[in-house]
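Shown next, in structure tokens, is the structure this report addresses.
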Amino acid sequence: MTGTVTASPARLLRLGNAFCESQALLTAVELDLFRTLRDSPATGGEIRDRLGLHGRGLDDFLNLLVALDLLYVEDGRYHNADDVDRFLTGRGPEDVTGFLRGAKANLYPVWNGLTETLRTGRPRTPAEDFAGMLADPAGLRRYAHMMDGVLRPLIPRLLDAIDWSAYGSVLDVGGCRGSLVGQLVLAHPNLAGHVFDLPQLGPVFAEHMAELGTADRVRFHAGNFFADPLPPADVVVFGHILHNWRPWQREELVWAAYRAVRPGGVLLVHDRMLDEHAPRVDNLVASLIMALVTEEGSEYPVGELASYAKAAGFTSIRQQPLDDNETLVICHHPA
């Protein structure tokens, strides 16, 4: 396609306006439209009344969602598309509305600063913004649900990633509300669960464990993984953690994991890792998000992680896909 001359700029204009379609989806989530239609499809007038909307622009908005295959119309009533009903209505373990709400509040605004970040190398959200979010209960809760939204589609695959019956304990580093470990201990009674994260996450963790009925089986460890040793466990998980940091810090965390994994255990690392031979749009976007919201984070290739793991002492390092864009690397600790 390189060098091809086209008769119309339509493709370029469509790409330049893609943010409009994204905002339509994010706004529908923010309005709770899909949850409203989950059990009771509605006319445009009924949607206006249910959501307390003015009405101006509503017909165009709803018809845009139809054109985007997010809704469909039958007998004058709007219905959720099947995938919307499954993933965007707050029902079931695969729901990703938490991520999209966080994307609208936290990620959408910073993309307008990409030009400045490329010029200066500086993120659009300074470190003090993250500290402020941790001190704000509403912001902290939104952040926790956003992390859950990213993780939820991967949990069923992580439950099948290894033979969990061969191990007695699991530690999720940066495990936030404990969603992964909570599901693991429910599926495998042999496991003792542990989550290591910043102390501010303790209350939302306790709340979620109470909801799952796992409060007596998963323990929260408060700390900073650059300053405090990780609790020992048979399986240590770094999920969406290493991409937040500089390469030398990623290496430091892999060494910390080696010290925490018990002999014969494993380290599991998953991120949207980069493949220089087959670049993926979603993973490159994810890496740019790290540039926009962290000091020096980025996605990284599997080879970089494998070199750190080998130097630390892990053996039998292998990779496997978790989904179309997510890669899992399994590193064995020698017995």
Side-chain angles (χ1 to χ4, degrees), residues 1 11 14-15 18-19 21-26 28-29 34 65 68-70 80-104 106-108 111 114 145-162 172 174-176 179-180 183-184 187 237-244 250 266-294 297-306 309 317-331:
M1 189 170 176
R11 179 182 75 89
R14 176 70 184 276
L15 181 59
F19 68 91
E21 298 176 12
S22 170
Q23 184 71 327
L25 169 61
L26 297 178
V29 170
F34 301 131
L65 297 177
L68 293 172
D69 295 324
L70 299 170
N80 291 331
D82 289 344
D83 56 350
V84 168
D85 221 39
R86 178 177 177 182
F87 299 114
L88 295 180
T89 58
R91 177 167 51 190
E94 297 175 299
D95 183 77
V96 296
T97 53
F99 170 75
L100 293 182
R101 288 180 184 275
K104 181 171 174 60
N106 300 325
L107 297 183
Y108 191 86
W111 272 96
L114 179 59
H145 283 277
M146 183 178 180
M147 295 302 100
D148 267 8
V150 177
L151 177 65
R152 278 182 170 184
L154 304 174
I155 289 178
R157 296 170 175 84
L158 289 167
L159 290 175
D160 293 332
I162 60 174
D172 191 359
C176 201
S179 293
L180 172 60
Q183 294 300 324
L184 280 169
V237 182
F238 282 161
H240 302 150
I241 292 297
L242 297 185
H243 67 182
N244 288 289
R250 292 196 279 264
V266 295
L267 167 66
L268 305 182
V269 180
H270 65 89
D271 266 318
R272 291 194 166 194
M273 298 181 196
L274 300 177
D275 184 343
E276 59 184 7
H277 302 295
R280 297 173 179 171
V281 170
D282 287 346
N283 290 21
L284 293 169
V285 166
S287 198
L288 283 172
I289 288 173
M290 292 300 103
L292 289 165
V293 303
T294 69
S298 68
E299 301 296 342
Y300 52 90
V302 172
E304 178 190 325
L305 172 60
I317 301 163
R318 60 184 176 87
Q319 68 181 84
Q320 64 190 56
L322 276 183
D323 66 9
D324 290 343
N325 300 307
E326 192 91 4
T327 299
L328 174 69
V329 177
I330 303 173
C331 311

With sequence neighbours left out, the residues meeting side chain to side chain contact (heavy atoms under 4.5 Å, CB included) with F87 are D83, E94, V96

Sorted by chain and residue number, the side chain to side chain contact (heavy atoms under 4.5 Å, CB included) partners of Q23 (sequence neighbours excluded) come out as L26, T27, K104, Y108

Look up atom [atom1] in [X] and atom [atom2] in [Y], then write down how far apart they are to the nearest 0.5 Å.
X	Y	atom1	atom2	answer
L322	I155	CG	CD1	11.5 Å
L88	R101	CG	CZ	10.0 Å
M146	L107	CE	CG	3.5 Å
D148	S179	CG	OG	3.0 Å
D172	L184	CG	CG	8.5 Å

Listed partners of D323 passing side chain to side chain donor-acceptor pair (under 3.5 Å), at least two apart
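Testing D323 for side chain to side chain donor-acceptor pair (under 3.5 Å), a comparison that skips the adjacent residues, returns none.
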
Sorted by chain and number, sequence neighbours left out, side chain to side chain donor-acceptor pair (under 3.5 Å) with E304 holds for R250, Y308

Test log, rule side chain to side chain contact (heavy atoms under 4.5 Å, CB included), inputs E21 and R14: CA-CA 10 Å; E21 298 176 12; R14 176 70 184 276; 2.6 Å; yes

When every non-hydrogen atom of D95 is compared with those of R152, the smallest separation belongs to O-CD, 3.1 Å

Residue pairs passing the side chain to side chain donor-acceptor pair (under 3.5 Å) test with at least one member in residues 267-280, sequence neighbours excluded, are H243-D271, H270-E326, D271-Y300

Looking at F34, is its backbone amide N or carbonyl O close enough to the side chain of N80 to form a donor-acceptor pair, meaning the two atoms are under 3.5 Å apart?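 Flag set: sc N80 to bb F34 pair under 3.5 Å.
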
* **side-chain contact (heavy atoms from CB on, under 4.5 Å), paired with L328, selected from L154, V269, L158, V302** =>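 Passing option: L158.
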
Do any side-chain atoms of residues 281-291 form donor-acceptor pairs under 3.5 angstrom with protein atoms, and if so which ones, sequence neighbours left out?
from	atom 1	to	atom 2	distance (Å)
D282	OD2	N325	ND2	3.0
N283	ND2	M273	O	2.9
N283	ND2	N325	O	3.0
S287	OG	E299	N	3.0

